[in-house]
Amino acid sequence: VKPTSVHLILSDHPRLACALGSGRAHLCREVEFPRARLRPLLEEARALGGVHRVVFAGAEPFLRRDLLEVGVQAAYALGFMVEIVTGALWAATPATARERLTPFAGLVSRLAVRRRGPGAPLADPRADLAIGAAREMEIPVEEIVSDAADAGRGPPGAGEGWERFDRCPSDELHRPSRLQVDPTGQVRACRGIVIGDAFGDGLLRVCRSYDPHVHPLAAPLVLGGPAELARRFGLRPDGPFSDACHLCHMLRDKLLELDPEGVAAGISH
Ligand code: SF4
């Protein structure tokens, strides 16, 4: 595994996670990235050789501005391109938006502001304020719209049966280039698929030991997409599903619940 970017999930917050619609309050964890782990993890990422980009993400990285500031400063000092992905809920007024962004001016090479997807019933004034403040402060800024893989579900309406989704649309499980590290140290190759423990084993060992062809979840997904994952564990999910990632998300939920062969340990949510 030769990642080119590492994405740090600074916090998993139950209120946010559940407000996003998981409906699984009992599974939501309130955890924050340990401050003492930030710098060593970034140094490890640097030691991997190919990583040039560090992205601070999470339910909302600005929920822990102190961690975000420490992490961004450390990543910048280590020579990474630094990015932040945010929902901009903190940008209540122009003054607040400027104040929140001030510590990052000159350090961040991309601020990605998530907007509500197409068809959302409301305008998104906070995203506008965050984008305006970033432009004023010459922080490179970009708007993004969460895709189905991020949200874990596709658009409502049309859909198809599970057997059709016989291909994973991303190459990340096969050849991970973008590793996510969550606040507990779990390393994910794609949303929900854990490939190792950065705090226990270290990023280097995780990268050296991951083999998509023997990983209990990645192997079927690489071989035949979520349909193969369903077959592998004898699941017959009720459809319709709007895309492969929607089906994959539902299957991971089911596997978390049933935990066949102990695979739940390899699933994050
Ligand atoms: S099918 Fe699953 S593993 Fe593949 S990109 Fe979608 S969410 Fe990720």
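Fair warning: this is a prediction, and the values are worked out from it, not measured in the lab. Heavy atoms only: backbone and side chains are in, while hydrogens, waters and symmetry mates are out. Order of appearance sets the numbers: ligands from 1, and atoms from 1 within every ligand.
Among the backbone and side-chain atoms of Cys190, an N, O or S atom lies under 2.8 Å from atom 8 (Fe) of ligand 1. Taking 2.8 Å as the threshold, Cys245 counts as a candidate ligand of atom 6 (Fe) of ligand 1, since one of its N, O or S atoms lies below it.
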Going through the distances and angles, do Phe199 and Phe33 end up as a ring-ring contact (aromatic ring centres under 6.0 Å, His included)?
CA-CA 11 Å; Phe199 296 166; Phe33 207 99; 5.5 Å; yes

Test log, rule salt bridge (charged side-chain N to carboxylate O under 4.0 Å, His left out), inputs Arg39 and Glu43
CA-CA 6 Å; Arg39 174 97 196 184; Glu43 285 171 352; 3.0 Å; yes

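Under 4.0 angstrom from ligand 1, the non-hydrogen atoms of Leu173 all belong to its side chain. Heavy atoms of Arg167 found under 4.0 angstrom from ligand 1: none, in either backbone or side chain.
Leu217 places a side-chain heavy atom less than 4.5 Å from the side chain of Leu255.
Between the side chains of Ser109 and Glu83, no donor N or O sits under 3.5 Å from an acceptor N or O. A donor-acceptor contact under 3.5 angstrom links the side chains of Glu60 and Thr86, judged on distance only.
Short contacts between ligand 1 and Ser170, defined as distances under 4.0 Å to a heavy atom of the residue, involve ligand atoms 5 (S).
For the ligand labelled ligand 1, residue His249 lies outside the 4.0 Å heavy-atom shell.
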